[in-house]
Every structure is written in C-alpha cells, then in structure tokens.
Colleague: 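Dumping the structure here so I can ask a few things about it.
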Amino acid sequence: MPHRMHLMVCAGTGCVANRSPEVRDALVTEIAKRGLENEIQVVTTGCNGFCGAGPLMVVQPDGIFYQQLSPKDVPHLVEEHFLKGRPVQKLMYVPPETRTPLPKMMDIPFFSRQRLIALRNRGLIDPERIEEYIARDGYAALAKALSQMTPQQILEEVKISGLRGRGGAGFPTGAKWEHVLKAEGEPKYVICNGDEGDPGAFMDRSIVESDPHSVIEGMLIGARAIGARWGVVYIRNEYPLAVQRLMIALEQAREYGLLGDNILDTGFDFDISVSRGAGAFVCGEATALVSAVEGRPGEPRARPPRLAQHGLWGKPTCLNNVETWADVPPIINNGGAWYAQIGTEKSKGTKVFSLVGKINNTGLVEVPMGITLREIIYDIGGGVPGGKKFKAVQTGGPSGGCIPNELIDLPIDFESLAEAGSMMGSGGMVIMDEDTCMVDVARYFLAFTQDESCGKCAPCREGTQLMLDILTRITDGHGTMEDLDALEEVAKVVAETSLCGLGTSAPNPVLTTMRYFRDEYLAHIGAHKCPAHVCRQLNTYRIDPAICVERGHGCGVCRRECPEKAIFGEKNQAHRVDATLCNKCGTCVDVCHFNAVIVE
Amino acid sequence: MPKLKLEDLAEVREKARKATSLREGAARVKMTVHMGTCGIAAGARKIVEAALREVEQGDLRDVMVTTSGCAGLCSREPMATVEVVGEAPVKYVDLTEAKVKAIFKEHILGGKIVEQYALAIGSERAY
C-alpha cells in the first residue's frame with residue numbers, strides 16, 4: 001500500500017543538536033502504536049534552513065510546518081493530525097507581528113521569499129538514499145552531459161550561465177574550467193573546497209548534509225568538461241555528519257556505477273576521494289588547501305602559477321567550492337540561459353547566505369542575486385529581536401566588512417559589496433544591533449584572523465598582531481589619535497602586501513568600521529566612552545537610588561555578588577557603588593532584577 | 001545493485017518518484033476521509049486503507065488521500081470529501097469499501113459524480 005503521508009523530519013546538524021533524532025524515534029514508536037505504520041512514512045532529511053526554530057518537521061502532501069518539537073508533543077500530534085487530520089496549531093510557526101499561527105510552510109515569509117537552486121532538494125529527500133536524489137532529476141544532468149554534449153558544449157553552458165565561484169572571490173566558473181581544459185599536463189584533477197571556516201557560516205556543511213549527491217554530480221560534470229579522472233573533496237573534520245553522509249553518498253554512487261570505471265556505460269571514468277581537514281582557516285585558500293591535500297603544511301604559496309596550470313601534485317587542477325559544484329547540475333539540465341536570467345547583470349543566479357547574530361529567523365537562505373539587504377534582514381530574517389535598532393551587517397565572514405544601516409537598500413552582488421568595502425565571501429551574514437560596539441567587533445574579528453594567520457608572510461603575521469594590539473588598546477581606553485592613524489596605515493599595508501586572501505582581506509573589518517563608524521572610535525579615544533557600553537573598562541556604574549529603594553527595597557543582591565565588595569548599602573535603603581573599588585566587571589548589572597544599575 | 005546504464009537511469013527515477021511524489025504536494029484529486037472520533041468508530045480507518053489500495057492498484061500518482069476531522073454529520077459516517085482540482089468538492093456519506101471502489105472508478109477516474117452515495121456538492125462557507 002502506498003503511504004498517504006510523509007513526515008519530513010529535519011536532521012541537519014542544528015536540528016540534531018536540538019534532539020530531532022529523539023523526535024523521530026518518538027514518531028516511529030507512536031505511529032506503530034496507532035497502527036499507522038503502513039500509511040505514514042517517517043523520512044529524515046537534511047537541513048531545512050530555519051535552524052532557529054528547530055527541531056523542524058514538514059508534513060507532506062499538505063505542506064504543514066511544525067517547529068520546536070519535542071518528544072512529548074508527539075502522542076498528541078499523532079492522534080490529532082496524523083490520525084484525525086486536525087493540524088496542531090500550538091506547534092506551528094507564529095510570526096511575531098500577527099500572532100496567528102501559519103500552518104503552511106509556503107506561507108511563512110522565511111521560506112516563500114527564497115528561490116532554491118543549490119538547496120533545491122533540502123528537506124525533500126533523505127540524503128542517505130541515492131534513489132530519492134534520482135527521483136528529483138538527480139544524475140539526469142550527468143546523463144545529458146555524457147550522452148548529448150561534448151566537453152566543449154558543457155563548458156559553453158557554464159560560461160553562458162554566468163556562474164561565479166561561490167566560495168569567496170567570485171571568479172567566473174566557466175573561465176576557470178577553460179583554463180584547466182587548455183592547460184598542458186596529465187592527469188588533471190577536480191577539487192571540491194569544503195573547508196568552510198568562517199565563524200557563523202554553514203551553507204556548505206548544510207549542502208553536503210542535505211544533498212551530497214548534488215556536489216558529486218557537479219564534480220562529475222566538471223570532470224567531464226576538463227578531462228579529469230580523479231577528484232578530491234576536502235572537507236573539515238569538524239563536520240562529522242557531513243563527512244558521514246558524503247561517504248555514504250560516494251559509496252552508493254559507486255554501487256550504481258555513477259562513479260568508477262565506465263560510468264553509465266559511456267566509457268567515462270571518474271572517482272572521488274575524501275581528504276579531511278584539521279580545521280585551519282587558511283586551508284580554505286586554494287593553494288594552501290592543495291598543499292594540505294598533498295600532506296604538507298597548509299600554507300599558501302605565491303600565484304602565479306595558478307592552480308589551473310600548477311595544482312594538485314603539480315598538475316592542472318580545477319578547484320570550486322561546494323555551493324558552486326551544487327549549482328552545476330541544474331545549469332546543465334535547464335541550460336545556461338535559464339540560470340543567467342536570474343540575478344543581476346554581473347552576478348547571476350542565486351546565493352546561499354547564513355543569517356546569524358541579532359536576527360529573529362536564524363538560518364540558511366537562498367535568494368536571487370541583487371536582492372537588497374533590507375529584504376533579507378526584514379522580510380526573510382524577520383528583523384532584529386527585542387525591538388532593538390539594526391546597526392550593521394557583517395558580510396563575507398571574519399574578513400568581510402561591516403555595512404551600516406544607511407546602506408540597507410544595497411543590492412547584494414559581488415560588485416556592490418566590494419564597493420561598500422566588504423565582500424560576498426562564502427555568504428556569512430552577521431546581523432548586529434544597537435548594543436554592538438563596532439570597535440569591539442573589529443577587535444573580535446582581528447583576534448580570529450590573527451590567530452588563524454599561518455605566519456608564512458610577514459605582513460599578515462606581524463600586521464594582524466599589530467592591528468589587534470592597537471584595537472585592544474583602544475577598547476581598554478588607552479588609545480590615542482596617533483593609534484588611529486597607525487591602524488589605518490597598517491591595515492592598508494597588510495591588505496596590499498599579504499601573500500594570500502586571508503591577509504589581504506583581514507583588514508576589512510577594521511577599514512569598514514573606521515569608514516562607517518569613526519565616531520565610535522573617537523568616543524573610545526577622546527571621551528574614553530564606549531557608546532554601546534560593551535567595552536566594560538570604559539564604563540562607569542552607578543545605582544539609581546529611587547529605583548533601588550522603590551522597586552527593589554534595597555534588596556542587596558548586587559552588594560552580595562560584587563566580587564570587589566565595592567557596593568555599600570543597607571536593606572530597604574539605596575545602595576551605591578564606590579568607583580575607587582569598582583573593577584568594572586558588570587556583575588551588578590547582570591544580577592539586578594530591577595534595572596537599577598545604570599551604565600554610563 | 002548492478003551498475004546503471006544510461007537507459008536504466010530513467011527507470012530508477014520513475015520507480016523512486018512513485019515513492020516520493022507525495023512530497024511534491026501537487027495532486028489532481030484530493031480525497032479527504034473524515035476521521036473524527038465518530039468517523040473512526042464507524043470504520044473510517046478501513047475507508048482510508050481501501051482508498052490507499054485503489055491508489056496503489058491503479059498507480060494513481062495524481063490522487064492524494066488525506067484525513068481530516070469530523071465533518072459534523074456524525075450519523076452518516078464514514079464520510080469522505082472528494083475534490084477534483086477546479087471542481088466543487090463532493091461529500092460522500094455512509095461509505096463502505098465497495099463504495100470507495102465505485103467512487104474511484106466513476107468519479108476520480110471517470111469524472112462522473114456517484115450521485116447515489118453523495119450527500120451534497122460543495123462545502124460550507126468558512127468565515
């Protein structure tokens with residue numbers, strides 16, 4: 001008997017961390033208890049993208065969307081919805097502005113405003129079953145490429161599509177493939193860069209977790225176009241679920257004869273090995289990655305020669321990022337012109353962004369290029385939580401720049417982001433609200449890039465340390481105006497003279513925050529104040545006597561919790577902070593129930 | 001699993017699609033079996049099973065069988081609503097497995113409402 005209902009339970013890393021496997025097990029048990037196991041199928045899928053609301057489940061064919069499920073919701077859910085057909089409202093998504101539950105996935109703006117190409121199968125297939133990928137036209141593009149197209153024609157379609165590298169630099173994919181095709185030397189290699197290192201970015205992990213075959217098929221097509229026999233997926237070992245699903249997918253593809261010798265009986269041979277990265281940020285840089293795959297220290301080298309001429313084992317190599325490879329099969333299936341009609345003049349197609357930070361709908365979104373920041377942050381992301389004001393968005397990972405509120409209508413494409421001093425990067429988007437100190441943000445990201453600098457070239461090794469020292473000085477309240485000039489100068493030198501992308505882009509957070517939020521730097525240096533009250537060494541704390549007495553009745557929590565014994569007062573009387581004893585730790589603010597402690 | 005050839009791929013795809021087409025959410029006909037307490041007591045589960053059997057035997061991939069709550073006419077259960085896209089929904093009452101078979105044959109596949117089993121054409125107005 002066919003099933004009448006499929007329960008698509010999300011098993012991406014986010015939902016698994018929120019215990020979606022327990023929800024799935026509870027569903028299976030409860031469904032069996034009700035004798036519905038022949039009517040209802042439970043499917044575990046990859047990431048749905050709405051990670052902030054997990055564990056998630058979509059009920060098909062009706063498209064009912066449930067969120068924040070727990071095993072204890074399951075018995076009621078099975079009886080009401082799956083047996084009696086009455087969807088359960090209290091488990092549905094409720095938009096903050098209307099307070100009416102939205103039952104259907106497609107009515108939720110987070111989903112309805114997206115356009116999925118790289119993530120086309122997310123939530124719709126079980127990533128561990130190749131048949132489900134095939135059911136959604138999987139490997140049809142490969143069959144077309146092998147049977148109806150010459151390598152040159154494949155290349156032409158990719159060129160027409162206007163696809164550009166999704167990993168950071170945005171190099172035209174078709175042109176890159178052509179360089180490798182024309183390069184001399186055998187054998188040639190294709191590599192998939194799955195070394196996603198940006199804090200807060202997880203699009204590549206999600207693609208490999210939810211649809212590993214889309215990456216494999218993309219690599220197969222690329223290999224056919226450039227004439228490669230072997231491929232490597234470089235993926236970081238901190239992504240255990242992605243590695244596991246990739247391994248399963250490779251094995252299934254081999255069983256079906258979609259990898260190995262004589263693929264689909266067409267005489268084409270190709271296979272993929274997996275190289276696991278130890279989690280160094282610099283290994284996302286192409287030459288460092290190749291070095292790591294070869295078993296040497298993950299350090300970049302000077303270019304030229306490019307990887308297209310001198311790549312893995314010194315042979316012509318085509319390296320693209322996970323998302324880029326996943327975009328290839330739909331381009332071959334639907335034609336390059338189809339892809340090129342989406343997006344802007346110079347940035348075609350869609351791009352996946354991970355939306356994190358001070359945003360209501362944390363998650364993964366795929367949108368057409370050219371969409372504005374405002375649409376992503378407010379229409380899809382649901383705005384800033386807690387009624388706070390939006391201040392800036394950092395795009396492009398730790399070495400991207402911060403874009404201020406004034407530029408919120410900026411269309412997102414490679415060119416406009418670069419013009420604003422930031423970059424597309426791999427697509428991380430960190431939203432910041434009014435409580436964020438931009439000097440502290442710059443210091444935070446510099447601390448990351450300084451830590452991850454491999455140390456091979458002096459500008460990056462010494463320059464990031466120098467910038468970090470200056471920024472730390474400023475946030476501690478010891479900065480001078482000379483520091484500000486020096487910071488700008490060092491930032492420019494590091495950007496111009498570093499060996500690889502890590503160093504050339506590391507100053508971006510510094511330069512953009514100095515460009516758009518110079519007043520905050522000046523407040524730290526001149527007035528020794530942090531306008532967002534984040535840099536605690538610059539804060540002074542005092543207790544409002546009226547609030548303390550009237551609302552708190554001099555409860556004394558702050559006095560007891562203060563580690564420096566710097567707060568004095570009696571029960572039912574106003575307390576006060578002795579500034580000479582205060583070490584500015586801020587504990588009193590955190591413990592006061594009545595908001596009587598005022599930070600200035 | 002034998003290695004696939006070019007022509008085998010389509011076959012695997014068709015087979016896999018049968019098992020997953022439900023997720024596309026697009027159907028020509030939707031049959032809703034009413035499964036309130038009254039419906040279940042009157043044997044609605046058997047009606048669902050009979051409908052799913054029809055779908056399987058006829059390989060009807062454009063027919064969706066789903067459940068819903070009590071339709072409000074508890075004395076005439078089991079009930080089901082059949083909705084062909086673009087046509088008014090039809091409510092069938094006092095169903096049996098044999099009647100389900102007939103509804104599939106004449107209404108869902110044949111396009112002709114089985115009037116002797118139907119209660120009414122159309123649904124109540126909501127709001």
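Note that the structure is predicted; figures quoted are calculated from it, not measured. Proteins come first, then strands; the chains are lettered A, B, ... in the order of their sequence lines, and each starts at number 1.
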Colleague: Check each atom of A/Tyr133 against the heavy atoms of chain B and say whether the ones under 4.5 Å are side chain, backbone, both or neither.
Modeller: neither

Colleague: Chain B heavy atoms under 4.5 Å from A/Leu146: which part of the residue, side chain, backbone, both or neither?
Modeller: neither

Colleague: Looking at chain A, which one of B/Arg53, B/Glu49, B/Gln57, B/Glu14 has the largest number of heavy-atom pairs inside 4.5 Å, strictly under?
Modeller: B/Glu49

Colleague: Could you walk me through whether B/Thr20 and A/Arg136 pass the side-chain contact (heavy atoms from CB on, under 4.5 Å) check?
Modeller: CA-CA 9 Å; B/Thr20 57; A/Arg136 304 252 319 146; 5.7 Å; no

Colleague: Would the distance check show the side chain of B/Lys5 and the main-chain N or O of A/Thr266 forming a donor-acceptor pair, the cut-off being under 3.5 Å?
Modeller: no

Colleague: Please name the pair of heavy atoms, one in B/Leu6 and one in A/Ala143, separated by the smallest distance, quoted to 0.1 Å.
Modeller: CD2-CB, 3.6 Å

Colleague: Give, for atom CD1 of A/Ile134 and atom NZ of B/Lys15, the distance between the pair rounded to the nearest 0.5 Å.
Modeller: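 Here the rounded value is 11.0 Å.
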
Colleague: Looking only at heavy atoms, which two atoms of B/Arg13 and A/Asp137 are closest? And how far apart?
Modeller: CD-OD1, 3.7 Å

Colleague: Roughly how far apart are B/Met35 CE and A/His81 NE2, rounded to 0.5 Å?
Modeller: 11.5 Å

Colleague: Measure the CE-CG distance between A/Met5 and B/Leu52 for me, rounded to the nearest 0.5 Å.
Modeller: 10.5 Å

Colleague: Using non-hydrogen atoms and a limit below 4.5 Å, what part of residues 38-46 of chain A faces chain B?
Modeller: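 At a heavy-atom separation under 4.5 Å, chain B is reached by A/Glu39, A/Gln41, A/Val43.
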
Colleague: Are the side chain of B/Arg23 and the backbone N or O of A/Leu124 linked by a donor-acceptor pair below 3.5 Å?
Modeller: yes

Colleague: Please check: side-chain N/O of B/Arg45 versus main-chain N/O of A/Gly35, any donor-acceptor pairing under 3.5 Å?
Modeller: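 Yes: the side chain of B/Arg45 pairs with the backbone of A/Gly35.
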
Colleague: Contact part of B/Val48 toward chain A, heavy-atom cut-off under 4.5 Å: side chain, backbone, both or neither?
Modeller: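 Side chain only.
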
Colleague: Heavy-atom pairs under 4.5 Å with chain B are the metric here; pick the option from A/Glu132, A/Glu80, A/Gln252 that has the most.
Modeller: A/Glu132

Colleague: So which part of A/Arg254 gets closer than 4.5 Å to some heavy atom of chain B, the side chain, the backbone, both or neither?
Modeller: backbone

Colleague: Hey, is CD on B/Gln116 packed in by over 12 heavy atoms from elsewhere, all under 6.0 Å?
Modeller: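 Yes, because the 6.0 Å sphere around CD of B/Gln116 holds more than 12 heavy atoms from other groups.
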
Colleague: Would you confirm whether B/Arg17, through its side chain, and A/Ala135, through its main-chain N or O, come within 3.5 Å as a donor-acceptor pair?
Modeller: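 Yes, the answer is positive, given that a donor and an acceptor are paired below the 3.5 Å cut-off.
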
Colleague: Using the side-chain contact (heavy atoms from CB on, under 4.5 Å) rule, take A/Tyr256 and B/Val12 through it: C-alpha gap first, then chi angles, then the decisive distance, then the call.
Modeller: CA-CA 10 Å; A/Tyr256 267 88; B/Val12 175; 4.2 Å; yes

Colleague: Sort by residue number and list every residue of residues 257-265 of chain A having at least one heavy atom under 4.5 Å from chain B.
Modeller: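 A/Gly257, A/Leu264, A/Asp265, listed by number.
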
Colleague: Do A/Lys84 and B/Thr67 make a side-chain contact, defined as non-hydrogen atoms from C-beta onward lying under 4.5 Å apart?
Modeller: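 Of all side-chain heavy-atom pairs linking B/Thr67 with A/Lys84, none is under 4.5 Å.
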
